[in-house]
Asker: 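If you scroll down you'll find the structure; I have some questions about it.
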There are 2 protein chains.
Amino acid sequence: MKLTSKGRYAVMALVDLARFDNINPVSLRDISLRQGISLDYLEQIFSKLKRNNIVKSIRGTQGGYILSKNPNDIKLTNIFYAVDEKVKTVKCNKEIKRGCNGKSTKCITHDLWDELETHINSFFENKSLEDLINNKKETRV
Amino acid sequence: MKLTSKGRYAVMALVDLARFDNINPVSLRDISLRQGISLDYLEQIFSKLKRNNIVKSIRGTQGGYILSKNPNDIKLTNIFYAVDEKVKTVKCNKEIKRGCNGKSTKCITHDLWDELETHINSFFENKSLEDLINNKKETRV
DNA sequence: TCTAAACTTGACCATTTTAGTCAGGTATGT
DNA sequence: ACATACCTGACTAAAATGGTCAAGTTTAGA
C-alpha cells in the first residue's frame, strides 16, 4: 500500500506552482530545480494535468504553466485522477461481473476493502490545493 | 496506491480461519480451496503470520493452523505488519537524515503525506478480526 | 529574422516489485 | 508405513515503476 512518485510529484509540483503567483506562468524547469524532480518526468505529468484541465500551458520563451482554476477548487482527488494514481484495494473491477477470486461471489472481505477505499478517498476529497499552500505564498522574483 | 495481494490474502485467510472454530485446526488446503488462493503462496504467508505470533501451527495429519489469540486482539495493523504490507506514502525513510528529495530539507508536502499515513493507519488499528467475522461464524463439518 | 526558452509527443528501458511456482524437505496421527 | 499437512528456500514470469532520450513545435525578445 504505497503512493507512487507520480502522484506525489504531481501534488508537489502543483503546490510549488500555486505558491507562486498564477498570473506569470511558471516553467517546469524552475519546478524541476526547486523540487528536485526530473524535467522529463515532470513533462509527462503536466501533459496529464493539462489534459484534465488542472493547468493551462503557455508556450514560448517566458512561457510555462498556470493553474486552470482557483486552488480551492482543485482537490487531491482531481490531481490523482489526472495522473492515474488510483486507490485500488480490490483486484476485481466493478465492470467485471464475476467476483473477486474468479469465483461467482464476491470475496469474503470485499466490504472491508470497499470501506477502506471510501475512507482513503474521503481524505483526498476534502483536501484542496488551497489547504496545502496556506499562507505560504511567495512571489516570483 | 494499492493494496497488494499478500495483505489481502492474509486477511481473507484469517477471516476464513476465524469463522471456523479455533479449537480444531484448519488446514491451508481447505482455505486454499475455499478462498481460491494458491496453496504454495498461502504457506509463505502463514509462515510470516506464525513468526509474528498471530497463528499457531499443528503438524501432522488433521493438523493445520489456529489463531494464537482472541480475534478481538488481532488488528489489521498486526496482520499487515506481519506480512510486510506497509503503508508508505513518502519515499524518505525516517532513519535517513536527509530530506525527501535528496535535499537537506523535507519536501514541501511532507506533512500532508504523514497526515495521510496516519489517516490510513487509524483505519487498520481500529479494525479487528472480530469485526470482520461478526456473527457469521460457521462450524466445521 | 534568428535564436533560445519552453512546451509537446512518443518511444524506449533498467530496475524493482509482485505474485506466484517448484522442489524438496520434516513431523505426526492412524 | 503412509498419507496428510506443515516447512523452507530457491527460482521466475510478468507487470509496474520511475524514469531517460530524441525529435519535434511554438513564441518572446534581441
Side-chain angles (χ1 to χ4, degrees), chain A residues 1-10 12-13 17 20 24-33 35-52 54-66 68 80 83-92 100-102 140, chain B residues 1-10 12-13 17 24-33 35-52 54-66 68 80 83-86 88-92 100-102 140:
Chain A
M1 173 125 260
K2 65 167 190 281
L3 205 63
T4 66
S5 287
K6 200 166 278 185
R8 263 189 303 118
Y9 287 171
M12 284 171 67
L17 196 155
F20 289 81
N24 298 334
V26 178
S27 75
L28 293 191
R29 191 172 161 279
D30 287 357
I31 297 180
S32 165
L33 289 173
Q35 303 302 326
I37 304 170
S38 139
L39 176 60
D40 283 319
Y41 201 28
L42 270 181
E43 278 169 350
Q44 282 183 40
I45 292 170
F46 271 75
S47 129
K48 290 174 192 240
L49 292 175
K50 189 189 170 188
R51 271 205 292 282
N52 283 266
I54 290 171
V55 294
K56 278 188 174 58
S57 69
I58 289 136
R59 303 183 72 155
T61 318
Q62 301 302 317
Y65 287 93
I66 58 173
S68 286
F80 280 179
V83 298
D84 298 311
E85 173 85 55
K86 305 186 192 100
V87 177
K88 274 188 75 88
T89 56
V90 269
K91 206 164 198 171
C92 63
C100 309
N101 323 8
R140 176 117 160 235
Chain B
M1 171 125 260
K2 64 169 193 278
L3 204 64
T4 66
S5 286
K6 199 168 277 184
R8 263 188 306 117
Y9 287 171
M12 283 171 67
L17 196 156
N24 297 333
V26 178
S27 76
L28 293 190
R29 191 173 161 279
D30 286 357
I31 296 179
S32 165
L33 289 173
Q35 303 302 327
I37 304 171
S38 138
L39 176 60
D40 283 318
Y41 202 28
L42 270 181
E43 276 170 353
Q44 283 183 40
I45 292 169
F46 271 75
S47 127
K48 291 173 190 240
L49 293 175
K50 189 188 170 187
R51 270 204 295 281
N52 283 268
I54 290 171
V55 295
K56 279 189 171 62
S57 67
I58 289 135
R59 304 183 72 151
T61 319
Q62 300 302 320
Y65 287 93
I66 58 173
S68 287
F80 280 180
V83 298
D84 298 311
E85 174 86 53
K86 305 186 190 98
K88 274 186 77 85
T89 57
V90 268
K91 206 165 198 172
C92 63
C100 308
N101 323 7
R140 177 127 161 226

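Chain letters run A, B, ... following the sequence lines, proteins first, then strands; residues in each count from 1.
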Asker: Enumerate donor-acceptor pairs with a distance under 3.5 Å from any side-chain N or O in residues 44-51 of chain B to protein atoms, sequence neighbours excluded.
Answerer:
unit_1	atom_1	unit_2	atom_2	d
B:Ser47	OG	B:Arg51	NH1	3.3
B:Lys48	NZ	B:Asp84	OD2	3.0
B:Lys50	NZ	B:Ser57	OG	3.2

Asker: Does A:Glu85 use its side chain to pair, donor to acceptor, with the backbone of A:Thr4 at less than 3.5 Å?
Answerer: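 Yes, A:Glu85 side chain to A:Thr4 backbone: donor-acceptor pair under 3.5 Å.
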Asker: Can you measure A:Leu49 atom CG to C:dT8 atom C1' for me and round it to whole angstrom units?
Answerer: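 Distance check: A:Leu49 CG to C:dT8 C1' gives 14 Å.
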Asker: Return yes if some donor-acceptor pair links the side-chain N/O of B:Ser32 with the main-chain N/O of B:Ile37 below 3.5 Å, else return no.
Answerer: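 Indeed, once roles are kept as given, a pair shorter than 3.5 Å links the two residues.
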Asker: Check whether any side-chain heavy atom of B:Ile66 lies under 4.5 Å from a side-chain heavy atom of B:Pro25, and answer yes or no.
Answerer: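 Yes; the side chains approach each other to less than 4.5 Å.
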Asker: Taking atom P of C:dT8 as reference, at what distance in whole Å does atom NZ of A:Lys48 sit?
Answerer: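 So the NZ-P distance, A:Lys48 to C:dT8, works out to 15 Å.
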Asker: How would nucleotides 14-25 of chain C be written as a contact map, 5' to 3', with B for base contact, S for sugar-phosphate-only contact and - for no contact, using protein heavy atoms under 4.0 Å?
Answerer: ----SBBBB--B
Asker: Give me the atom names and distance for the closest heavy-atom approach of B:Leu39 to B:Arg29.
Answerer: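 Smallest interatomic distance, heavy atoms only, reads CD1-N, 3.9 Å.
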Asker: Taking the side chain as C-beta and beyond, is there a heavy-atom pair between B:Phe80 and B:Leu3 under 4.5 Å?
Answerer: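 Of all side-chain heavy-atom pairs linking B:Leu3 with B:Phe80, at least one is under 4.5 Å.
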Asker: Taking CG from A:Leu42 and C1' from C:dT8, how many angstroms apart are they, rounded to a whole number?
Answerer: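 These atoms are roughly 14 Å apart.
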Asker: With a cut-off of less than 4.0 Å, is there a side-chain N or O of B:Ser57 near OP1 or OP2 of D:dC7?
Answerer: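 So the side chain of B:Ser57 is within the cut-off, an N or O lying under 4.0 Å from OP1 or OP2 of D:dC7.
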Asker: Can you tell me how far P of D:dT20 sits from CG of A:Leu28, to the nearest Å?
Answerer: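 Going from A:Leu28 (CG) to D:dT20 (P), I get 14 Å.
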Asker: So do A:Met1 and B:Met1 actually touch side chain to side chain, heavy atoms under 4.5 Å?
Answerer: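 In short, these two side chains touch, coming nearer than 4.5 Å.
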Asker: Side-chain N or O of A:Lys50 versus OP1/OP2 of C:dT8: is the shortest distance under 4.0 Å?
Answerer: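 Looking at the OP1 and OP2 atoms of C:dT8, one of them is under 4.0 Å from a side-chain N or O of A:Lys50.
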Asker: Expressed as a whole number of angstroms, how long is the span from B:Ile45:CD1 to D:dC6:C1'?
Answerer: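 That distance rounds to 15 Å.
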Asker: For B:Gln62 and D:dC6, give me the distance from atom CD to atom P, rounded to whole Å.
Answerer: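 Result: 11 Å.
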Asker: It should be established whether B:Thr61 places a side-chain nitrogen or oxygen under 4.0 Å from OP1 or OP2 of nucleotide D:dC2.
Answerer: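 Indeed not, no polar side-chain atom of B:Thr61 lies that close.
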Asker: B:Lys88 NZ to D:dT17 C1': how many Å, rounded?
Answerer: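 Taking atom C1' of D:dT17 as the reference, NZ of B:Lys88 is at 15 Å.
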Asker: Using a 4.0 Å heavy-atom cut-off, does B:Phe46 contact any base of the nucleic acid, only the sugar-phosphate backbone, or nothing at all?
Answerer: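 Touches nothing.
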Asker: Return the 5'-most residue of the pair B:Arg29, B:Ser47 with respect to DNA chain D, ranking by each residue's nearest nucleotide.
Answerer: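 Result: B:Arg29.
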Asker: What integer distance in Å separates B:Tyr65:OH from D:dT4:P?
Answerer: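 Atom-to-atom, B:Tyr65 to D:dT4, this comes out as 18 Å.
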